[in-house]
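Just below is one structure, and these are the notes that go with it.
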Amino acid sequence: MTTQEYLIQKLNEFLDSRSVTGVEVHLEKPKEEKFGDFATNLALQLARHLKKNPKQIADEIKAFIGTDERFVAKIEIAGPGFVNFFAASANLYDQLADVLRQKEKFGRSNLGAGKKAQIEFVSANPTGPLTIGHGRGAVLGDTIARLLEAVGYQVTREYYFNNAGRQMRVLGESVRLRYLELCGEKIEFPEDHYQGAYIIDIARSIYEEKGDQLKDADYTYFKDRAETVIFDDIKRTIKRLGFEFDVFYNEKSLYDEGKIDQVIEGLRQKGLIAERDGAVWFLTTKLGFEKDRVIIKSTGEPTYRLPDIAYHVEKIKRGFDLIIDIFGADHIATYPDVLAAVKALGYDVERIKVLIHQFVTLLEGDEVVKMSTRKANFVTLDELMDEVGVDVTRYFFLMRSMSSHLNFDLTLAKKQSDENPVFYVQYAHARICSILKLAEERQIDLKAAPDLSLLKATEEINLIKHLLNFPNIIKAAAENYEPHRLTNFLFDLATLFHKFYTECRVIGEDAALTRARLALIDATRHVLANGLGLLGISAPDHM
RNA sequence: GCGCCCUUAGCUCAGUUGGAUAGAGCAACUGCCUUCUAAGCAGUGGGUCGGAGGUUCGAAUCCUCCAGGGCGUACCA
């Protein structure tokens, strides 16, 4: 049992002893050292219930819990009635020893209890290479998946795509026109077609293979060819980022298997479908929305809404307990009514979490670069990785909360890549490895259990306390789908390690202390490696 | 007009779910390498948390209004 668990239990016992209900025990980690290791505002919360002065209640809490050599060294009352607890160091050392036993498993838990989660992200249609904008979603999605796995979920990473429709026709047509150019025909290339150089590359490979045999063919061959090439490219980029999708889900299968018709039929039965102006409408106004939406155009083609509804129904039917969608801010408006439809069809929408990340604004110096796949003025994810590497790319996308806009200054990123915080964290890991290597060379015996209670310096205690908070951080990051909490935690951990390194010499004269410190840095190494692993960032042995 | 997001140090952003004296990186300035990696450490300066009200023991955090910015608001996806 940890001190934290002990205190929560005792505080709840206190509530029972005073017959208080409906008050939740809140134990927090104070920012300032002098306020102890844990603090509770329970006395302040209870002041109203018990009609007593908060300080008096705080005194009662203090007396009720008392000190305990295993868990609580000291209790203080401060400010208006905070109760501050100072953890007994014995517990600290026990837990540190436990970190060394758990090693790469430390931080993991089984909160998810094997529940099935599905996380859909990237989902870019194969019309061009992945851009920096897709990169944010890709890295966030994969990292949230890793975090969920760490707390015991069984996770499916899924990529949803559409290889039919207008966009793809334009893509095929774009390649066809470039091909005709290569055949020597004079072509006026329309402005609203895909301008990228990759289109010409695809056209060239077709020309090299087939000569001018396809001069009179329509766009379909070119479309299929482009799709294959572009998808291969996307998969390569994803792999380079450090993961793979478990499922590529083709929108088309929803049509082939009749799922689309089922949605229409289901909604019709609920009285949520009407035909007007030659189109089929989804009567969202009946569900409290501002206006109705077209789901089948007068041309007979569905809008994106219809397959999206069918797809989400499918996800639920596939038996996932948790369904996460990650979208860029441009998709914000569409999801409320898709979810409303799924709900109207009688499915449990609660298990669907839609996470929206704000845009990446690309800056070239002071200039804002507007990105568009069609206009081909985008910066690809591959180009970014070429420039700064995978670790920096991932760290960069993970260091901010997804609700804030991300400014990406390319010139700065290139110039300052050496000073990027990711190196600071990795450096801590490399330093530790280097010390451990030296210990090995000097044949320091690490078999005997070290006496961890020798670790008494402020830097040592602070480092240990931070390490022990790792499982809480993973839990919070996973529950809130906020990878940046872990990124910040690791940065702080690196800071504490670097301070420790500066003040405390690990391999020294005192053999017992050396062993204790080697154990401490080994535990730190595991936490750094485990944390970086969850972010998909490497933990190098040397730099 | 309406919906979602944002506004915290010169710049880029954190802020543990409402707590105690608001933090970090970068940029500027000053120290520290004959000892385990100086990609490091220590220090200085820098703030009306966009503005105004409200809720309460207590607000950067919750509510209302206002101002500024981003993204949407399609029979595009």
Side-chain angles (χ1 to χ4, degrees), chain A residues 26 28-32 34-35 39-41 44-45 47-48 53-54 78-82 84 123-125 127 162 165-167 251 276-281 289-291 293-305 307-308 328-336 356-359 361 363 399-409 412 416 418-428 430-439 441-442 469 472-473 476 480 482 484-485 487-489 491-492 494-495 497-508 514 517-518 521 542-543:
Chain A
H26 193 67
E28 62 185 27
K29 265 185 73 111
K31 283 178 226 169
E32 299 227 17
K34 67 176 179 189
F35 296 132
T40 184
N41 60 353
L44 295 159
Q45 285 183 293
R48 242 172 305 164
N53 182 318
F82 289 102
N84 297 329
S123 297
N125 288 336
T127 59
N162 167 12
R166 202 177 59 88
Q167 271 186 88
E251 179 187 312
R276 285 204 294 262
D277 313 324
V280 178
W281 294 71
F289 289 88
E290 234 176 277
K291 42 183 165 179
R293 304 292 181 177
V294 169
I295 54 172
I296 299 179
K297 298 186 245 178
S298 51
T299 59
E301 273 182 302
T303 64
Y304 64 90
R305 244 173 262 270
D308 274 4
D330 53 341
H331 286 249
I332 273 176
T334 76
Y335 270 78
I356 304 287
H357 67 82
Q358 294 300 311
F359 273 6
T361 307
L363 300 166
M399 60 192 287
R400 277 99 199 241
S401 72
M402 71 176 91
S403 63
S404 69
H405 299 259
L406 195 60
N407 278 339
F408 199 123
D409 188 329
L412 214 66
Q416 295 190 336
D418 280 26
E419 296 160 23
N420 193 295
V422 68
F423 294 116
Y424 181 81
V425 178
Q426 291 179 318
Y427 185 51
R431 267 184 155 176
I432 292 171
C433 291
S434 151
I435 299 170
L436 293 173
K437 198 175 152 206
L438 183 68
E441 282 166 14
R442 299 219 182 143
N469 203 26
N472 292 329
I473 296 295
N480 296 289
E482 291 182 336
H484 75 279
R485 292 184 187 228
T487 316
N488 291 341
F489 169 87
F491 186 87
D492 292 342
T495 299
F497 170 74
H498 288 309
K499 284 183 184 179
F500 159 80
Y501 178 89
T502 307
E503 295 302 321
C504 306
R505 189 167 172 90
V506 177
I507 299 176
T514 295
R517 285 182 171 165
L518 283 170
I521 65 168
H542 60 89
M543 289 174 74

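Letters A, B, ... mirror the listed sequences (proteins, then strands); counts begin at 1. Atom set for the values below is all heavy atoms of this structure, side chains included, hydrogens, waters and symmetry mates excluded. Since the structure is predicted, the reported quantities are computational estimates derived from the model, not experimental observations.
- Partners of A:Arg276 under the salt bridge (Lys or Arg N to Asp or Glu O under 4.0 Å) rule, at least two apart in sequence or in another chain, are A:Asp292.
- Residue A:Thr299 places no side-chain N or O under 4.0 Å from the OP1 or OP2 atom of B:C75.
- Qualifying salt bridge (Lys or Arg N to Asp or Glu O under 4.0 Å) partners for A:Glu482, counting only residues two or more places apart in sequence or in other chains: A:Arg485.
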Between the protein and nucleotides 42-45 of chain B, which nitrogen or oxygen pairs come in under 3.5 angstrom?
| from | atom 1 | to | atom 2 | distance (Å) |
| --- | --- | --- | --- | --- |
| B:A42 | OP1 | A:Lys499 | NZ | 3.3 |

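- Residue-level contact check: A:Ala430 touches the bases, meaning some heavy atom is under 4.0 Å from a base atom.
- Remark: A:Arg517 engages A:Glu460 in a salt bridge (Lys or Arg N to Asp or Glu O under 4.0 Å) (not counting sequence neighbours).
- The CZ atom of A:Arg400 sits 20 Å away from the P atom of B:G23 (whole-angstrom rounding).
- Between B:G1 and B:C66, the distance separating the two P atoms is 10 Å to the nearest Å.
- Candidate nucleotides B:G19, B:A74, B:C36 were compared by shortest atom distance to the side chain of A:Lys291, and B:A74 ranks first.
- Interface remark: the A:Asp330 side chain does not form any donor-acceptor pair with the B:G72 base, using a distance-only criterion of under 3.5 Å.
- Each of A:Ala39 and A:Ile332 was assigned the nucleotide of RNA chain B with the nearest heavy atom; the assignment lying further toward the 5' end belongs to A:Ile332.
- Taking side-chain N and O atoms only, A:His26 has no distance below 4.0 Å to OP1 or OP2 of B:U16.
- Taking for each of A:Glu290 and A:Met399 the nucleotide of RNA chain B with the nearest heavy atom, the 5'-most of the two is the partner of A:Glu290.
- Between the C1' atoms of B:U55 and B:U64, the separation comes to 11 Å (whole Å).
- Between the P atom of B:G72 and the CZ atom of A:Arg293 lies a distance of 15 Å, rounded to the nearest Å.
- Separating the CG atom of A:Asn407 from the C1' atom of B:G25 is a distance of 15 Å, rounded to the nearest angstrom.
- Put simply, CD on A:Gln45 is 11 Å from P on B:G18, counting in whole angstrom units.
- Nucleotides B:G47 and B:A39 are separated by 32 Å at their P atoms, to the nearest Å.
- For B:C76, the OP1/OP2 oxygens have a side-chain nitrogen or oxygen of A:Lys297 closer than 4.0 Å.
- Residue contacts for A:Asp308: at a heavy-atom cut-off of 4.0 Å it reaches no nucleic acid atom on any strand shown.
- For A:Asp277, counting side-chain heavy atoms from C-beta on, the closest listed nucleotide (B:U16, B:C75, B:A38) is B:C75.
- Listed candidates were B:C36, B:A20, B:A77. Nearest to the side chain of A:Ala78 is B:A20.
- Within the 4.5 Å cutoff, no side-chain heavy atoms of A:Ile432 are placed close to those of A:Tyr501.
- Between A:Asp492 atom CG and B:G15 atom C1' there is a gap of 11 Å when expressed in whole angstrom units.
- The side chain of A:Leu438 approaches B:C36 more closely than any other nucleotide in the set B:A14, B:U73, B:C36.
- Base contact: A:His542 has a heavy atom under 4.0 Å from a base atom.
- If you check every strand for non-hydrogen atoms under 4.0 Å, A:His405 touches a base.
- Spacing between B:A52 and B:A60 at atom P, rounded to whole Å, works out to 13 Å.
- The backbone N or O of A:Tyr427 sits nowhere less than 3.5 Å from a side-chain atom of A:His498 that would complete a donor-acceptor pair.
- A:Ser298 comes within 4.0 angstrom of a nucleotide base, judged by non-hydrogen atoms across all strands.
- Using atom P as the reference point in both B:U8 and B:A14, the two lie 11 Å apart (nearest Å).
- A:Cys433 comes within contact range of no nucleotide atom at all, as no heavy-atom separation falls under 4.0 Å.
- Only the P atoms considered, B:U61 is 14 Å distant from B:G53, to the nearest whole Å.
- Checked against B:A77, B:C36, B:A39, the side chain of A:Ser434 finds its nearest nucleotide in B:C36.
- Using a 4.5 Å heavy-atom cutoff, the side chains of A:Ser298 and A:Asp277 are not in contact.
- Side-chain N/O atoms of A:Arg431 include one lying less than 4.0 angstrom from OP1 or OP2 on B:A38.
- By the stacking rule of 5.5 Å between ring centres and under 30° between planes, A:Phe35 stacks on the base of B:A20.
- Helical stems of RNA chain B (runs of at least 3 Watson-Crick or G-U pairs, donor-acceptor distances under 3.5 Å) are listed by first residue: B:1-7 with B:67-73, B:10-13 with B:23-26, B:28-32 with B:40-44, B:50-54 with B:62-66.
- Looking at heavy-atom distances under 4.0 Å, A:Tyr501 makes contact with a base.
- Among the protein residues, A:Ser403 comes within range of the sugar-phosphate backbone only, with heavy atoms under 4.0 Å from sugar or phosphate atoms but none that close to a base.
- A:Arg485 comes within 4.0 angstrom of a nucleotide base, judged by non-hydrogen atoms across all strands.
- Here A:Arg293 pairs with nothing under the side chain to side chain donor-acceptor pair (under 3.5 Å) rule; sequence neighbours left out.
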With side chain to side chain contact (heavy atoms under 4.5 Å, CB included) as the test, would you mind laying out the steps for A:Phe82 and A:Asn41 before giving the verdict? CA-CA 5 Å; A:Phe82 289 102; A:Asn41 60 353; 4.1 Å; yes

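- Here B:C13 is the nucleotide among B:C41, B:C13, B:U35 with the atom lying nearest to any side-chain atom of A:Ser404.
- When the side-chain nitrogen and oxygen atoms of A:Ser401 are compared with OP1 and OP2 of B:A14, one or more of them lie within a distance under 4.0 Å.
- At whole-Å resolution of the value, CD in A:Glu482 and P in B:G15 are 7 Å apart.
- Applying the 4.0 Å criterion to OP1 and OP2 of B:C41, one finds that A:Tyr424 has a side-chain N or O inside that range.
- Comparing the P positions of B:U16 and B:A59 gives a spacing of 16 Å, expressed to the nearest Å.
- Base orientation of B:C32: anti (glycosidic angle beyond 90° from 0).
- In this structure, the ring pair (Phe, Tyr, Trp, His ring centres under 6.0 Å) partners of A:Tyr335, at least two apart in sequence or on a different chain, are A:His312, A:Phe327.
- Here A:His484 pairs with nothing under the ring pair (Phe, Tyr, Trp, His ring centres under 6.0 Å) rule; sequence neighbours left out.
- Nucleic acid contact for A:Asn84: base, since at least one base atom lies under 4.0 Å from a heavy atom of the residue.
- Across the P atoms, B:A20 and B:C4 are found 30 Å apart, a figure rounded to whole Å.
- Judged as a salt bridge (Lys or Arg N to Asp or Glu O under 4.0 Å), and not counting sequence neighbours, A:Arg400 has no contacts.
- When heavy atoms are screened at a 4.0 angstrom cut-off, A:Ala439 is found touching no nucleic acid atom at all.
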